[in-house]
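Handing you this structure, nothing more for now.
Residue numbering restarts at 1 for every chain, and letters A, B, ... go by the order of the sequence lines.
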Amino acid sequence: MKDTSAVAMFKVKPDRASEFLFKDAFGDVFILAWTTTPWTLPSNCALTVGPKLDYVRVKTFNPYTHEPNTVVLAKARLNAYFSEKGKDVSFEDYKKDGKSIPWTVDGEFYGHQLEGIRYEQLFSYAQPTGGDAFKVIGGDFVTTEDGTGVVHTAPSFGADDMRVARQHGIGTLTLVDLQGRFTPEMGEFAGKYVKNEYYPAGQAPEKSVDVELSIRLKEMGRAFKVEKYEHNYPHCWRTDKPILYYPLDSWFVRVTAKKDRLIALNKTINWKPESTGTGRFGNWLENLQDWNLSRSRYWGIPLPIWRTEDGDEELCIGSLKQLKEEIARAVKAGVMTADPYASFDPADMSDANYDRVDLHRPYADNIVLVSPGGKPMKRETDLIDVWFDSGAMPYAQWHYPFENEATFKETFPADFIAEGVDQTRGWFYTLHAIATLTQDSVAYKAVVSNGLVLDKVGQKMSKRLGNAVDPFKTLDAYGADAVRWYMISNASPWDNLKFDAEGITEVQRKFFRALFNTYNFFALYANIDGFDGNGEAALTESDRWILSRLNSVMKLADANYADYEPTVAARAIQDFVVEDLSNWYVRLNRRRFWKGELGADKNAAFQTLKRCLEVVAMLSAPIAPFFTDRLYRDLTASSVHLSNWPKHNEALIDAELEARTALAQKLTSLVLSIRKKEGHRVRQPLQQMMVPVTDATMRTRLEAIRELVLGEVNVKELVILDASESKLTKKIKPDFKKLGARMGKLMKSVAAAVNGFDQAQIAELETKGAMKLTVEGQEVEVLRDDVEISAETIPGLSVAADGPLTVALDITLNDALLQEGIARELVSRIQTLRKESGFEITDRVQLHILDNGDARFAQAIRTHAPYIVAETLAVTPEDQVLVSTLSPEGPGIHEVELDEVLRCALSLVRSAN
RNA sequence: AGUCCUGUAGCUCAGUUGGUUAGAGCGCUACACUGAUAAUGUAGAGGUCCGCAGUUCAAAUCUGCGCAGGACUACCA
């Protein structure tokens, strides 16, 4: 806002301290001080200079009265008030027009040389009380960024001013009342508001007091510069009017006396994120001020302090029991007529009893006590800061220390609290302060300071901008669980969240749908088979794998929940459900669920999947309480929220098994990539894949996952090639971490040399285990361990590689492979037809395939009839599947395409038996 | 003004004690697959890791100075 600002001239009194300013002075000597609030000038009590700043004495003319003047200001501010044109111009040439005022610097000194100088009061409406006044003092906060480098100090209207004035024994003068009007002492200004904004609408005078006082200064010859100045002045957030700082008597809690304990105890608190505890909150504690408890309001919790009128005797009441005793004394002494709480029994902790008293202001104001000296004591009228209530919550909620001591001790301190990070100075602090002062303890062991929820472009949500998301509409649209899962999994609670509803639909689509579908899959077959959770189980490798993964996730989620890292936990659970459980375990094992009778193998599959679903429900329950409860109830017929928190079983975690399954997944992906590249769909079996290995671990792992991978990629055999196979070409890559540590500056050249190795050199390093090189004139030794050697290609085969893993695929086809491919295609088509025809999964069918005259096709069906019949749940005898005519004609006849050229007709009807 | 947080693909985020081809998901493009799946698989396009300077053989990572966004606190004489 733009306000009238003034540079006032404070007339220096000649004495020993100011002697040097008067030597050869040009007229009177003044110190210049700038203010954007001229209404504070009558309350001026001191001038503050920066002790280490440079100041100058300038001879010049007053721009309004044109009198000769000698003025003092900071050297750094000279060019703000004096134009270059007037510099050292002869004083005789001044035309007294306020333009091109001549000036000359005569004398330079430090601020501390000015300290102690006295000056005449600017406006003498009233005199300060409670100390010295009208003296130059030193303060570190003085800058030369604006103003004159001298701060007009009115202790009544600014915290810095008050602090520096106190330090120097300066008194105060407050010529403004609580309504923001000048006091009666102010003569013609008395009763005027110091800010025009305080007048009722339409009643503000044309000239604000700032303007009037500035005019007065000019007339007095005490104005050096008056202008409109743009600055930020604090405004009330509700009324948008300028705020007035005003000195009030207040009651403080001297928390600074316990500062060290506050800091020490804070260091034991687990802050999330840590930086808020050490940074924002820690710094706040380092710069701790006493806690101002006083608040001036009509209704609220009163300060329990009674004082005599002269303030000599005072009493702080600690309980209702004590208050009643004091009231009894007061009644006896005659200062009160009766006990207003007569019906209250201090020994009775019941609600009914407490309903009989109201200790709030204004009721408590009627209580007058009697001092030991026999004088009446009235309650201090201030209320207690409501933040005190929040900080007192741990005790107040149990009515401790008056009762419930055992319960309190059990629940205090809290395991954790969570609130917005803006509560640093609020709840986080008051809880901590009261706990430290009263219990010498923390109030909470951990604190999560939540970040903000921003809109999707990162703007703070506000009603004003209209970008606020309605939480209830969001919950209605997406459900509480999806919203919660989105919020928790997307960003840590203390990070700001860019809220985007599309993120919620993604969570629904990925996590919840995968979980739901997995459950549905389980339930479908478990119901068909009447699985009851019991029965002998023979765990397969993939059962043990998913259980290992499950236990790993339990371990990780548990540790991260315990460390208040729910985001890490949620992501781990989600990845497990989507990737491991749904996309790998269920997909690979689905045949086990629907094929055959309920036996040890099927039982193992059911039990494993059920266990996974149960644990996922339990692990996810803190974030998605509704969905998981339903899931858990459907699985176990009891509530997930009554279940015990699942603990991982270290014995079920098999790192080697997890590693080799990861290898299988990677290998599978590589083979699928080759198939894609070569145009061979997965249903077409291929004869052989080859993987070169360079170490024994890899070989062992490959042996273990052989069947798994072959089944997954539909290849007949896996050949593990020894690294020494001559037909492999290899590539070599330096391990920068290992090599760099040893090579230092030579690293670049060594890396270049290693990368340039030919096949013979690579082989040499592999066999000998070390190799000497000369690089930049120095001999260095490269060890086998310093490099990564892997197979690059296998000549003549289609190859794919990912890091050190390489796989080659033999893509030549023979009749047997082609026939098997045809059979698989047929099964796939028939399965689709079953689905399209609306058959139930368990329905049996009659299947007949018309011979289309293609010899290979006929042969494929004859050879693979048992497979086709089994897969499609056909009851047709194997030798009757292939027919030369289809009968009866009817709705079960279908024409199917097997590939671009091959097509056939078949009949598919539901079988009665 | 001080303190603190954040800045990596169009979007949301990972990225270990600094180590060379910076990752994932979504979205986009193409193809495939589809009897659990509005799923999935494969490939592609998409990056000055906010900028500058420094330390180092090597910086998204460490240091300094800035910039942008955000939070809090104080204050502007």
(request) Give none if rC33(B) has no partner; otherwise give the nucleotide forming a Watson-Crick or G-U wobble pair with it, both distances under 3.5 Å. (result)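 Matched rC33(B) with nothing under the 3.5 Å cut-off.
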(message) Check the orientation of Phe10(A) and His152(A). Use parallel for under 30°, tilted for 30 to 60°, and perpendicular for over 60°.
(response)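 Aromatic pair Phe10(A)/His152(A) classed parallel.
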(message) How many whole angstroms separate atom CH2 of Trp271(A) from atom P of rA71(B)?
(response)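 To the nearest whole Å, that distance equals 18 Å.
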(request) Compute whether any side-chain donor of one residue and acceptor of the other, for Thr48(A) and Thr153(A), lie under 3.5 angstrom apart. (result)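 Yes, a side-chain donor-acceptor pair sits under 3.5 Å.
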(message) Just the rounded figure in Å: distance from P of rU37(B) to CZ of Phe522(A).
(response)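 Nearest whole value for this atom pair: 18 Å.
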(request) Quick one: list whatever passes side chain to side chain donor-acceptor pair (under 3.5 Å) with Lys272(A), sequence neighbours left out. (result)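 Residues passing side chain to side chain donor-acceptor pair (under 3.5 Å) with Lys272(A): Glu565(A).
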(message) Could you tell me how far apart Asn520(A) (CG) and rU37(B) (P) are, to the nearest whole angstrom?
(response) 10 Å
(message) Going by salt bridge (charged side-chain N to carboxylate O under 4.0 Å, His left out), name the residues that satisfy it together with Lys510(A), two or more places apart in sequence or in a different chain.
(response)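 With neighbours one apart ignored, the set is empty.
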(message) Could you tell me how far apart Asn517(A) (CG) and rU37(B) (C1') are, to the nearest whole angstrom?
(response) 4 Å
(request) Nearest whole angstrom, please: distance from the P of rC72(B) to the CH2 of Trp387(A). (result)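 In whole Å, rC72(B) P and Trp387(A) CH2 are 12 Å from each other.
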(message) Check the orientation of Trp271(A) and Phe428(A). Use parallel for under 30°, tilted for 30 to 60°, and perpendicular for over 60°.
(response)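 If you compare the ring of Trp271(A) with that of Phe428(A), the planes turn out perpendicular.
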(request) Determine the Euclidean distance between corresponding C1' atoms of rG10(B) and rC75(B); express it in Å to zero decimal places. (result) 42 Å
(request) Could you give the distance separating rC50(B) and rA43(B) at their C1' atoms, to the nearest angstrom? (result)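 After rounding to an integer number of Å, I get 32 Å for this pair.
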(request) Would you kindly say whether Tyr429(A) and Asn266(A) are connected by a side-chain donor-acceptor distance under 3.5 Å? (result) no
(message) Say we look at rC52(B) and rG7(B): how far apart would their C1' atoms be, to the nearest angstrom?
(response)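 Each nucleotide's C1' atom is 16 Å from the other's.
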(request) Kindly give the heavy-atom pair with the smallest separation between Ser5(A) and Thr36(A), and that separation in Å. (result)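 Nearest pair, atom of Ser5(A) first, then Thr36(A): CB-CA, 4.0 Å.
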(request) Would you give a per-nucleotide map of nucleotides 24-32 of chain B, 5' to 3', where B means the base has a protein non-hydrogen atom under 4.0 Å away, S means only the sugar-phosphate does, and - means neither? (result) -SSS---B-
(message) Please report the distance separating the P of rA60(B) from the corresponding atom of rA53(B), rounded so that it comes out in whole Å.
(response) 14 Å
(message) Mind checking if Asn583(A) touches a base, just sugar-phosphate, or nothing, with heavy atoms under 4.0 Å?
(response)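 If one applies the 4.0 Å heavy-atom cut-off, Asn583(A) turns out to touch the sugar-phosphate alone, with no base involved.
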Do any N or O atoms of the protein come closer than 3.5 Å to N or O atoms of nucleotides 55-58 of chain B, and which pairs are they?
| residue | atom | partner | partner atom | Å |
| --- | --- | --- | --- | --- |
| rC57(B) | N1 | Gly744(A) | O | 3.1 |

(request) Answer yes if the ring centres of Phe521(A) and Phe593(A) are under 6.0 angstrom apart, and no otherwise. (result) yes
(request) Could you tell me whether the side chains of Trp485(A) and Gln508(A) share a donor-acceptor contact shorter than 3.5 Å? (result)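 No, because no side-chain N or O of Trp485(A) sits under 3.5 Å from a partner of the opposite role on Gln508(A).
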(request) Could you measure between the two C1' atoms, the one in rG27(B) and the one in rC11(B), and give it in whole Å? (result) 8 Å
(request) Find the distance Tyr429(A):OH to rC4(B):P and express it as a whole number of Å. (result) 20 Å
(message) Taking any heavy-atom pair under 4.0 Å as a contact, classify Ser828(A): base, sugar-phosphate, or nothing.
(response) sugar-phosphate
(request) For rG47(B) versus rG23(B), give the span between their P atoms, rounded off to a whole number of Å. (result) 14 Å
(request) Report the base-pairing partner of rG51(B) (Watson-Crick or G-U wobble, both distances below 3.5 angstrom), or none. (result)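 Pairing partner, where one exists within any strand: rC65(B).
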(request) Write down the distance between CZ (Phe512(A)) and P (rA38(B)), rounded to a whole number of angstrom. (result) 17 Å
(message) Quick check for you: to the nearest 0.5 Å, what is the distance between Leu122(A) atom CG and Ser43(A) atom OG?
(response) 11.5 Å
(request) For Ile674(A) and for Tyr525(A), find the nucleotide of RNA chain B with the closest heavy atom, then tell me which residue's nucleotide is more 5'. (result)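 Counting from the 5' end, the first nearest nucleotide belongs to Tyr525(A).
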(request) Nearest 0.5 Å please: distance from the CG atom of Asn520(A) over to the OH atom of Tyr525(A). (result) 11.5 Å
(message) Measuring only the C1' atom in each nucleotide, how far is rA36(B) from rA9(B)? A whole number of Å is fine.
(response)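 Roughly 34 Å separates the two C1' atoms.
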(message) Both distances below 3.5 Å, Watson-Crick or wobble geometry, any strand: find the nucleotide opposite rA22(B).
(response)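 Looking at the geometry, rA22(B) pairs with no nucleotide.
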(message) Looking at rU3(B), which nucleotide sits across from it as a Watson-Crick or G-U wobble partner, both distances under 3.5 angstrom, or is there none?
(response)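 The base-pairing partner of rU3(B), which may sit in any strand shown, is rA71(B).
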(request) Could you tell me whether the side chains of Thr37(A) and Thr40(A) share a donor-acceptor contact shorter than 3.5 Å? (result)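 There is such a pair between these side chains.
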(request) Starting at CD1 of Ile31(A), measure out to OH of Tyr55(A) and round the result to the nearest 0.5 Å. (result)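 Separation between the atoms: 9.5 Å.
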(message) Closest-nucleotide mapping onto RNA chain B: is Glu825(A) or Asn490(A) further toward the 5' terminus? I mean the 5' end.
(response) Asn490(A)
Strictly under 3.5 Å: I want the nitrogen or oxygen pairs between protein and nucleotides 7-10 of chain B, one per line.
none

(message) Run the salt bridge (charged side-chain N to carboxylate O under 4.0 Å, His left out) test against Lys135(A) and tell me which residues pass, sequence neighbours left out.
(response) Asp132(A)
(message) Rounding to an integer number of angstrom, what distance separates rU8(B) and rC62(B) when you compare their P atoms?
(response)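 That atom pair is separated by 16 Å.
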(message) Could you tell me how far apart Gln665(A) (CD) and rU42(B) (P) are, to the nearest whole angstrom?
(response)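 Answer to the nearest Å: 11 Å.
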(message) Pairing check on rU56(B): which nucleotide meets the Watson-Crick or G-U wobble criteria with it, both distances under 3.5 Å?
(response)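 No nucleotide pairs with rU56(B).
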